[in-house]
Amino acid sequence: MLVVALIAGGAGGLAGGMLGSGGEPEAPPEQEGPVMNEPPPEAPERDPDTIAGVAQRVSPSVVSLRSAGGRVGASGSGFVIEGDYVVTNDHVSSPLEEDGIVVEYSDGKFSLASIVGSDPSSDLAVLELEDPNDVEPLPFGDSEEAIVGDEVIAIGAPLGLTGTVTQGIISAVDRPVSSDEGESQFFAIQTDAAINPGNSGGPLVDVQGRVIGVNSMIVTMGGGFMGEQQGGNIGLGFAIPSTEAEEVVNRMIDHGETAYADLGVTYDTESPVVGAVLAEDRDAVESGGPADEAGLEPGDVIVSFDGQRVNSHGELQAMVRDRAPGEEVELEYERDGDRESVTVTLGSDED
């Protein structure tokens, strides 16, 4: 599990997408692209399939977030989806909530917004606009179809510079990452598209303008929070995959909260042992919880989750939260030098 920095004030967006592939001549006409904004009438015309064309049509639906009272310096980015909701990062919206949130569009118009739902573990939040602008909602693409080398575009407000567009490729997929404070863990899309503080919450779009990721974290040479030091892009940015983001966003819109799978354990976060080490405390395995029902005990080391090797507690947390409560999975764990296998029925973190 790679520990990286949230880009409070904004995490750069990487746009994950797939270039059109060769095939039958009639195939492209059969594939309808997303409905996008018309480019500004004063702008030179560009083909909609070019980077410039995508940027022209997507940018009006990308917004910047700031404090309504001006007392909070943090800011970030977001994007409009169906229903005039705005998707952003939890680490962007949470510091702004008490002071009030202002959402600003690329044309200078703005609206107050309130938080519909937020989730630190996925680092996602949904806002409801008080006075929405007339822009086309950005559609979610299928991040599971994205592969290394696909061209992507990041749009956001790094360092407060609204409407900034950067281009790159997908460098890796299913990269397990954890924020440096440990609240957020997920399997990310990695990109080399330039993202910096202020890009957080912005969209990562493909060359058809579909959102395949929500920009969230970067690695910096200093290794610390973006708000604590001057740090920036070194070609290692991470976005929440659209398949996960869309599911979490829909749950927040419908219910205002999310429920994730849970093992009911406490980890020894300081242990150098490879695997997810359960703490030695008597209460490390929740009484009556999923792990307890399966026979796990304090001090056990979980080394495999449903056939996947587990290298750390952070990696296991990302694996667990990728499943739904009630799912049955096979765990392998070590105790006193012996390896055992057991089936666990995952619980819910809301129980």
Side-chain angles (χ1 to χ4, degrees), residues 1-16 62 65 74-79 87-96 118-125 143 146 148 152-159 164 166 168-205 211-245 248-249 311-315 317-319 321-322:
M1 174 66 68
L2 179 64
V3 178
V4 295
L6 295 168
I7 19 190
L14 115 83
V62 179
L65 279 62
S75 61
S77 304
F79 57 95
V87 175
T88 186
N89 287 147
D90 171 74
H91 81 264
V92 170
S93 62
S94 292
L96 303 176
S118 60
D119 176 42
S121 64
S122 66
D123 195 25
L124 288 168
S143 57
V148 173
V152 294
I153 307 163
I155 305 177
L159 305 178
T164 296
T166 55
I169 62 169
I170 294 178
S171 306
V173 294
D174 295 327
R175 183 75 78 193
V177 296
S178 174
S179 64
D180 46 8
E181 285 201 338
E183 282 193 317
S184 304
Q185 303 98 13
F186 51 85
F187 288 93
I189 294 175
Q190 180 182 330
T191 183
D192 70 347
I195 57 177
N196 288 285
N199 275 127
S200 278
L204 181 66
V205 303
V211 177
I212 63 161
V214 181
N215 301 298
S216 177
M217 306 179 188
I218 62 174
V219 171
T220 66
M221 297 304 290
F225 263 107
M226 292 294 85
E228 296 174 354
Q229 61 178 13
Q230 284 299 317
N233 170 67
I234 59 171
L236 293 171
F238 302 93
I240 305 154
S242 61
T243 49
E244 176 179 348
V248 173
V249 164
N311 295 301
S312 68
H313 74 279
E315 191 167 296
Q317 286 176 301
M319 292 176 178
R321 69 176 305 282
D322 208 31

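As a basis for the values below, the full set of heavy atoms in this structure was taken, side chains included, without hydrogen atoms, waters or symmetry mates. Predicted model, so just to flag it, every value in this text is computed and none were measured.
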Pairwise distance CD(Glu244) to CD1(Ile240) - rounded to 0.5 angstrom
7.0 Å

Note, Phe79 side chain near Val214 side chain (heavy atom, < 4.5 Å):
yes

Closest non-hydrogen contact found for Pro203 with Gly78 is CD-O, 4.4 Å

Those residues that, when tested against Ser242, pass side chain to side chain contact (heavy atoms under 4.5 Å, CB included) (two or more places apart)
Phe140, Ser143, Ile212

How about Ile169 and Thr191: do any of their side-chain heavy atoms sit closer than 4.5 Å?
no

Please check if the side chain of Asp119 supplies one atom and the backbone of Ser122 the other of a donor-acceptor pair under 3.5 Å.
yes

OG of Ser77 to CD1 of Ile155: how many Å apart, nearest 0.5 Å?
10.0 Å

So, does Thr166 use its side chain to make a donor-acceptor pair with the main chain of Ala194 at under 3.5 Å?
yes

Partners of Asp123 by side-chain hydrogen bond (donor to acceptor under 3.5 Å, both in side chains), sequence neighbours excluded?
His91, Ser216

With side chains defined as the heavy atoms from C-beta onward, is the minimum distance between Met217 and Phe186 less than 4.5 Å?
yes

Please examine the side chains of Ser118 and Leu124, heavy atoms only from C-beta on, and report whether any two atoms are closer than 4.5 Å.
no

What's the spacing between Phe187 CZ and Met319 CE if we round to 0.5 Å?
4.5 Å

Just so I know, are the side chains of Ser75 and Leu65 near enough to count as touching, which here means a heavy-atom distance under 4.5 Å?
no

So which atom in Ser93 and which in Thr88 form the shortest heavy-atom distance, rounded to 0.1 Å?
CB-CG2, 4.1 Å

What's the separation between atom CG in Asp90 and atom OG in Ser121, rounded to the nearest 0.5 Å?
8.5 Å

Name of the residue among Asp192, Val219, Val177 meeting side chain to side chain contact (heavy atoms under 4.5 Å, CB included) with Leu236
Val219

Compare all side-chain heavy atoms of Ile218 with those of Ile234 and state whether any distance is below 4.5 angstrom.
no

How long is the straight-line distance from CD1 of Ile189 back to CZ of Arg175, given to the nearest 0.5 Å?
12.5 Å

